[in-house]
Amino acid sequence: MLDIKFIIENLDTVRDGLEKKGYTKDVLDLDALTALYKEVNKLKTSSQSIAEEKNKLSNAIKSASSEERPSIIAKSKALGEEFKLLQDELNTKQDEFNLMMLKMPNMPSPESPIGPDDSANVVRRKVGNIREFSFTPRDHIELMEINDWSEMERIAKVSGSRTYAIKNDLAQLELAMHMMVLDKLREHGFTVITVPSISKEKPLYGQGYLPFSRDEVYHLPNDDVYLSGTAELILNSLRADEILTENELPILYAGFSPCFRREAGAAGKDTRGLVRVHQFMKTEQFVICKNDINESEKWHQKLLQISEEVLQDLELPYQVLEVCTGDMGAPKYRQYDLEAWVPSQNCYRETHSCSNITEWQARRTNLRYRENESGKVKFVHTLNNTGIATPRALVPFMENHQNEDGTVNIPVKLQPYMGGKKIIGKNC
RNA sequence: GGAUAGAUGGCCGAGCGGUCGAAGGCGCACGAUUGGAAAUCGUGUGUACCCCCAAAGGGUACCGUGAGUUCGAAUCUCACUCUAUCCGCCA
């Protein structure tokens, strides 16, 4: 959420930001928003002055004589009626205003490339060499089949499409990746935390998932709860409504959780294999820091660096993509995606998404801190980034590290988490 | 699933229709005292919003959430949420 006062004082900047993010006037009308804000304030002023008068009368009653009492009560009662009418109108307008504010996206960073969709994303750098195969490489599905690493067809019968079951060394590999990343994050000062995948509705508004994309999230109507698509959802609301001390910041969470996504908008995309599934596991990096753009940009770079280290430790070639204004989601100020090379698709595929949200989420969750020097209460900045997400990360992993006989090499950094194994597969 | 108890400020805790934004304590900040500190004493100590160019000032709301009763609600009524304990079930 943005600050309404900021919006009003910087109408042109905000209009420009909206445009860059792909919001046209018929989606979000700033003139209507400011007019509504003024109307709400007017109603507030008049309803508050009635409340004031009413309070005065009520207070007068206790000291009034029994003769004056009935007339004061009658007066106060009449004011009460008037108050209620105004209050109803105010509530309606206020709800309308709140909804509009919930729909306002964050302003993009001036550093972000400007463009309407992913075609305008900019490759900032490529790291690692794309391997030249001396044989015809297999895709990850074939590799799983020849090594007896999966039960893809059978699990589809049990659990439906876009689910996966992997076994033997590959199952161990999946968990090993998370352990490796959690260890790394702990070394960087993160608090390792495992969180539920069950969420009430409110955190979805806090994160900025709602009111934007209800279709994407699983809803369990019997209990009116939702299945979380990322630990970010939970971690973002974990400290909601608190006023932290500045000394507590930054708060660094390494959150592990199963994640659920309906993939409603991805029909027909990546239907086979491990790239896009309804349920997966993710270790998430989440940062809560001071309200200072230099501070949060510093953390943004730090998070990016950590996930680059992860891909480097996994010895995967990757590129750093800076996401353009039109392709980043509403909550985001600035976003990088990391994409690892997938030989069978002859392209880079997203493994990490690293975002600075600035205070946009904190305004929604009402998460603040008291500044040491000024004693002022300010909204925190939040940031999030993937640590590692499986099984997707297994796709570039298997394909890049495969040998001609179908075995897969384990990079040195991961070997301790694989019981010292240097290579996995049926033929080794 | 069944049965009880409960939800008050940063924390503990009183209040059970008006004088309550809320006693008292702890904590915290500032000041006095001290060579310095501890102890002691004094003062202060929530958030959001509205009016106001701003400051000063004035006002409204908030005692889990939402509705209701009343001239007036932390206090009474209802619903909901959450927490604790016991029983049952269970990885």
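By convention in this document, chain letters (A, B, ...) are assigned in the order of the sequence lines, proteins followed by strands, and residues within each chain are numbered from 1. Owing to the predicted nature of the structure, the values given are computational and were not obtained by experimental measurement.
K42(A) comes within 4.0 angstrom of no nucleic acid atom, judged by non-hydrogen atoms across all strands.
Residues in residues 60-96 of chain A take part in no ring pair (Phe, Tyr, Trp, His ring centres under 6.0 Å) pair, two or more places apart or across chains. Counting only residues at least two apart or on different chains, the side-chain hydrogen bond (donor to acceptor under 3.5 Å, both in side chains) pairs with a member in residues 203-222 of chain A are E201(A)-R214(A), Q207(A)-E232(A), R214(A)-Y226(A), Y218(A)-H278(A), H219(A)-D224(A). Identified under the ring pair (Phe, Tyr, Trp, His ring centres under 6.0 Å) test for residues 231-259 of chain A, with sequence neighbours left out: H178(A)-F256(A). Here ring pair (Phe, Tyr, Trp, His ring centres under 6.0 Å) pairs that include residues 31-76 of chain A, with residues two or more places apart or in two chains, are Y37(A)-F97(A).
For S353(A), the side-chain hydrogen bond (donor to acceptor under 3.5 Å, both in side chains) criterion is met by Q335(A), D337(A), not counting sequence neighbours. Residues satisfying the side-chain hydrogen bond (donor to acceptor under 3.5 Å, both in side chains) test with Y23(A), not counting sequence neighbours, are none. Considering only residues two or more places apart in sequence or on other chains, D148(A) meets the side-chain hydrogen bond (donor to acceptor under 3.5 Å, both in side chains) condition with K167(A). Taking E297(A) as the reference, R334(A), N356(A) meet the side-chain hydrogen bond (donor to acceptor under 3.5 Å, both in side chains) condition, with sequence neighbours excluded.
From the 5' end on, the contacts that RNA chain B makes with chain A at under 4.0 Å to a non-hydrogen atom open and close at G18(B) to C82(B).
Contacts of residues 48-57 of chain A with RNA chain B (heavy atom under 4.0 Å): Q48(A), A51(A), E52(A), K54(A), N55(A).
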Solution key, residues 409-428 of chain A side-chain donor-acceptor pairs under 3.5 Å, sequence neighbours excluded:
| from | atom 1 | to | atom 2 | distance (Å) |
| --- | --- | --- | --- | --- |
| N409(A) | OD1 | N403(A) | ND2 | 2.9 |
| N409(A) | ND2 | N403(A) | OD1 | 3.0 |
| K413(A) | NZ | D313(A) | OD1 | 3.4 |
| Q415(A) | NE2 | I410(A) | O | 2.9 |
| Y417(A) | OH | D183(A) | OD2 | 2.7 |
| K421(A) | NZ | D169(A) | OD1 | 2.9 |
| K421(A) | NZ | Q172(A) | OE1 | 3.3 |
| N427(A) | ND2 | D405(A) | O | 2.8 |

| For RNA chain B, what dot-bracket results from Watson-Crick or G-U pairs at under 3.5 Å, with [ ] for crossers and | for inter-strand partners? | ((((((((.[[[..)..(.....]]]((((((.......))))))((((((.....)))))).[[[[[..)....]]]]])))))))....
